[in-house]
Novice: 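Take this structure first; my questions come after.
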There are 2 protein chains.
Amino acid sequence: MVKKRVTLKDIAAEVGVHVSTVSRALDPALSDTLTPEVVTKIRDTADSLGYRPNRIAAGLRTNRTMTVGVMIPDITNVIFPPILRGIESVLEPLGYATIIVNTDSEAERENRLLNVLRDRGVDGIIHAAVLLSDPCITHAAEDGVPVVTLNRMVENSRIPYVINDEEAGVRGMLQHLIGLGHRRIAHLAGPQHLSTGQLRQAAFRKVAEELALDLDERLIVEASRFDEAEGRRAATDLLASGARFTAILCANDRLALGAIDGLAAQGLACPADVSVTGFNDMSFLELIRPRLTTVRIQQYDAGRTAADVLLKLIAAETGTETGAEAPLETILPVELVIRDSTARCADS
Amino acid sequence: MVKKRVTLKDIAAEVGVHVSTVSRALDPALSDTLTPEVVTKIRDTADSLGYRPNRIAAGLRTNRTMTVGVMIPDITNVIFPPILRGIESVLEPLGYATIIVNTDSEAERENRLLNVLRDRGVDGIIHAAVLLSDPCITHAAEDGVPVVTLNRMVENSRIPYVINDEEAGVRGMLQHLIGLGHRRIAHLAGPQHLSTGQLRQAAFRKVAEELALDLDERLIVEASRFDEAEGRRAATDLLASGARFTAILCANDRLALGAIDGLAAQGLACPADVSVTGFNDMSFLELIRPRLTTVRIQQYDAGRTAADVLLKLIAAETGTETGAEAPLETILPVELVIRDSTARCADS
DNA sequence: CCGCTTCACGCAAACGATTGCGTAATGAGG
DNA sequence: CCTCATTACGCAATCGTTTGCGTGAAGCGG
């Protein structure tokens, strides 16, 4: 039933040469040490027999599997699929396969899945975490496995990271709101144990001061999750605090959608009464009314870039000195997307 | 720099036994052929040294890699991530890793990626295609690679498939609409080269006849893609045809959203003037107004089921006769989700 | 005390590809 | 005609595990 795979030995027997000769003939880098006739003869019979190299066997010998691991919190989170396609767009044409694992942001799972990847001898790992603390990936890096992190950095390590320019996004958004006459701007922050939640709040505080906004502590509320329910809850709390505001800069799109809902429940319309902004520009956002003004994160490009960096690390690891060193830090630009959820401040 | 991995040989040297003994001690199925003391001694030093089995080497010997391939058209299509989590929920606890590839529904890519999977010796493949015709996966199946298809079946083959009960979904939806007094119901069909597009249209025709609806050919229009723009276009065409209708059953959610938009552009409100229904119940749907009445496909369960079937195939392949034969056909139930886009027929 | 079985472990050959090294054969130069 | 370099390929070890088979020792019954 199970057809046996064609191996180098089969080709060698067919052509009448040694398997090592076949191996060399099939390797473009080595085939020029052989007689051209032999090479063509071998190659012809190779694909007439339908030969496919066994990467398992090659991997055992060479310690390279042409497989990389990608660790993400949860593939059903809409921000990750574009990242994965970006990674794939770089790696797949080079013959790499990617093993994707979902950590659910649980340390125990992360450890287990890291082993799943290492046991399979992946050539490198792209780690798109959201938690601020997860030490186990550093172990892998210390053991010599090429690692790149995405969306966050590991402090005090030499692990290259690719992040988005969150601060530029916050700045652009605040400038946009100020341009519309808003002065009292609230921040609906994300969970502070997540890197984006923390980074964006820090950026908000910094830029708000820079731009000389009235920074009232009551205007900063934290959500405990990045979802609509928490957005609604936080917006309601914000109103209950009694602090005046005419706009809310939310740490992500889902919080913003929930906030708009919460405001509506209290009789406040967006954008007529309050302007609300999101972050990420997730898919399907343009179908939801009011169409959200947000900061577009280039997820696809982030994936591409992370893959590029990883390739450089792998090249360095294998001694293939290409000259191009892997950059420790890559900060990707973000883009302001102005839609319908922001309007001129009614109070001004 | 690169820390050498601990191998069986290292453990053997440490304990003072042969590597084969170590191999057996570490295999729960074989460890009872050894002296208990030796087994514990070996296991203790194994994890004191931090031993991790090299699956590459084991795979070369055993032809099992504990890795499965998953082929999908496009991970950024929101229906696939839940499927993948479903697959993972079954396979990951058993120690399997999954290599996910995106075919973009291109035959050439599919062929290439199939080789990527086979070269890495995957133990099985789950193939979640949408195209009606893609022969290359059958080659793999014929070569003895366990294959399960999801969302579609390959005719005239022994390849097990897992599909959703599209017909029950269409029937439930039509009965719902009829219950609301609708009689002239249009069908906005999906692309007919895609399995769901074709299956749902066939079901619509069959059930409409069953339920004695006025089946006007002008009431069936086909979209060339599953997106909002085509939904809008098709709805506009439907109106232009002059055929009367009070409801539209759409072949998927995105078409329905586009259709509602197209109707609105012509001054027709949903559900006041026309009821519109979707299919799939994709994520974020409940955030879009009007909240769409739709048929929920259990994507997660579909993934789980496909993985279960694949495991049975793999068990059969390896001679591990567990008694449970892999079913050729699995039809999963669907669920009617009634929201706000359907209302009592105004004409009745 | 001998011969048998049983037990517990070692030996070595796979698995398929890669690669350093060895070595025939060829050619050229003196 | 001999020497030596070069070319073109073969030999065999290697990667880490698995596994059929062999074997020494222990145990046991007669």
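Just so we're on the same page: letters track the sequence lines, and every chain starts at 1.
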Novice: Of the listed nucleotides (C/dA8, C/dA17, D/dT17), which one gets closest to any side-chain atom of B/Asn54?
Specialist: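 The nucleotide sitting nearest to the side chain is D/dT17.
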Novice: Within this structure, what is the NZ-to-P distance between B/Lys9 and D/dG16, rounded to whole angstrom?
Specialist: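 From B/Lys9 NZ to D/dG16 P: 7 Å.
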Novice: I'd like to know if B/Arg304 and B/Glu92 make a salt bridge, using a cut-off of under 4.0 Å between side-chain N and carboxylate O.
Specialist: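 Salt bridge absent between B/Arg304 and B/Glu92.
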Novice: Here's a test for you: under side chain to side chain contact (heavy atoms under 4.5 Å, CB included), which of B/Val122, B/Thr98, B/Asp123 qualifies with B/Thr67?
Specialist: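 Output: one option passes, namely B/Val122.
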Novice: I need the CG-P distance between B/Asn63 and D/dT17, as an integer number of Å.
Specialist: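 From B/Asn63 CG to D/dT17 P: 17 Å.
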Novice: Taking the side chain of A/Thr21 as its heavy atoms from C-beta onward, which of C/dT19, D/dG10, D/dG16 lies nearest to it?
Specialist: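 In terms of side-chain proximity for A/Thr21, the closest of C/dT19, D/dG10, D/dG16 is D/dG10.
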Novice: Look at the side-chain N and O atoms of A/Ser23 and state whether any lies under 4.0 Å from the OP1 or OP2 oxygen of C/dA17.
Specialist: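 The answer is no; no side-chain N or O of A/Ser23 sits under 4.0 Å from OP1 or OP2.
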Novice: Could you check whether B/Asp143 pairs with A/Arg5 (Lys NZ or Arg NE/NH1/NH2 to Asp/Glu carboxylate O, under 4.0 Å)?
Specialist: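 Not counted as a salt bridge, because no side-chain N and carboxylate O are separated by less than 4.0 Å.
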Novice: Would you find a donor on one side and an acceptor on the other, under 3.5 Å apart, between the side chain of A/Asp104 and the backbone of A/Glu106?
Specialist: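 Such a contact is absent between A/Asp104 side chain and A/Glu106 backbone.
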Novice: Can a side chain N or O of A/Tyr51 be found less than 4.0 Å away from OP1 or OP2 on C/dG16?
Specialist: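 The answer is no; no side-chain N or O of A/Tyr51 sits under 4.0 Å from OP1 or OP2.
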Novice: Please report, rounded to the nearest Å, how far the P atom of D/dT18 is from the CD1 atom of B/Ile42.
Specialist: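 The answer, rounded to whole Å, is 13 Å.
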Novice: Could you say whether B/Asp27 or B/Ile56 is positioned toward the 5' end of DNA chain D, judged by the nucleotide with the nearest heavy atom to each?
Specialist: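 This one resolves to B/Ile56.
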Novice: Output yes when B/Asp44 and B/Lys41 qualify as a salt bridge under the 4.0 Å nitrogen-oxygen rule, no when they do not.
Specialist: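 So B/Asp44 does not pair with B/Lys41 through a salt bridge.
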Novice: Can you figure out which of C/dT19, D/dA8, D/dT19 approaches the side chain of A/Thr62 most closely?
Specialist: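 When the side chain of A/Thr62 is considered, C/dT19 is the closest of C/dT19, D/dA8, D/dT19.
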Novice: Measure from CG on B/Leu34 to P on D/dT19 and round the result to the nearest Å.
Specialist: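 Computing the B/Leu34:CG to D/dT19:P distance gives 14 Å.
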Novice: From CE of B/Met66 over to P of D/dG16, roughly how many Å is that when rounded to an integer?
Specialist: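 Atom CE in B/Met66 sits about 21 Å away from atom P in D/dG16.
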Novice: Please tabulate the protein-to-nucleotide N/O contacts below 3.5 Å involving nucleotides 20-23 of chain D, giving atom names and distances.
Specialist:
{"unit_1": "D/dG20", "atom_1": "O6", "unit_2": "B/Arg24", "atom_2": "NH1", "d": "3.4"}
{"unit_1": "D/dG20", "atom_1": "O6", "unit_2": "B/Arg24", "atom_2": "NH2", "d": "3.4"}

Novice: Quick one: are A/Ser31 and A/Arg43 in side-chain contact, heavy atoms under 4.5 Å?
Specialist: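 Yes, close enough: below the 4.5 Å cut-off.
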Novice: In whole angstrom, what separates B/Asp119's CG from C/dA17's C1'?
Specialist: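 In whole Å, C/dA17 C1' and B/Asp119 CG are 13 Å from each other.
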Novice: Using atom CG of B/Leu8 as one end and atom C1' of C/dC9 as the other, report the distance to the nearest whole Å.
Specialist: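 Value for this atom pair: 15 Å.
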Novice: So, OP1 or OP2 of D/dC11: does either fall under 4.0 Å of a side-chain N or O from A/His18?
Specialist: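 So the side chain of A/His18 is within the cut-off, an N or O lying under 4.0 Å from OP1 or OP2 of D/dC11.
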Novice: With side chain to side chain contact (heavy atoms under 4.5 Å, CB included) as the test, would you mind laying out the steps for A/Ile99 and A/Leu117 before giving the verdict?
Specialist: CA-CA 8 Å; A/Ile99 298 180; A/Leu117 296 181; 3.7 Å; yes
Novice: Under a 4.0 Å threshold between the charged nitrogen and the carboxylate oxygen, would B/Arg109 count as salt-bridged to A/Glu88?
Specialist: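 Salt bridge present between A/Glu88 and B/Arg109.
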Novice: Quickly work out the A/Arg120 CZ to D/dG16 P distance and round it to whole Å.
Specialist: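 One finds 18 Å between P of D/dG16 and CZ of A/Arg120, rounded.
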Novice: If you assign B/Ala57 and B/Val17 each to the DNA chain C nucleotide with the nearest heavy atom, which residue ends up on the more 5' nucleotide?
Specialist: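 Whichever sits nearer the 5' end wins; that is B/Val17.
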Novice: Which residue, A/Val22 or B/Leu60, contacts DNA chain D at a nucleotide closer to its 5' end, judged by nearest heavy atom?
Specialist: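 Nearest-nucleotide comparison on DNA chain D picks A/Val22.
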Novice: Given C/dA13, C/dA17, C/dC9, identify the nucleotide with an atom nearest to the side chain of B/Arg61.
Specialist: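 Nearest to the side-chain atoms of B/Arg61, counting from C-beta on, is C/dA13.
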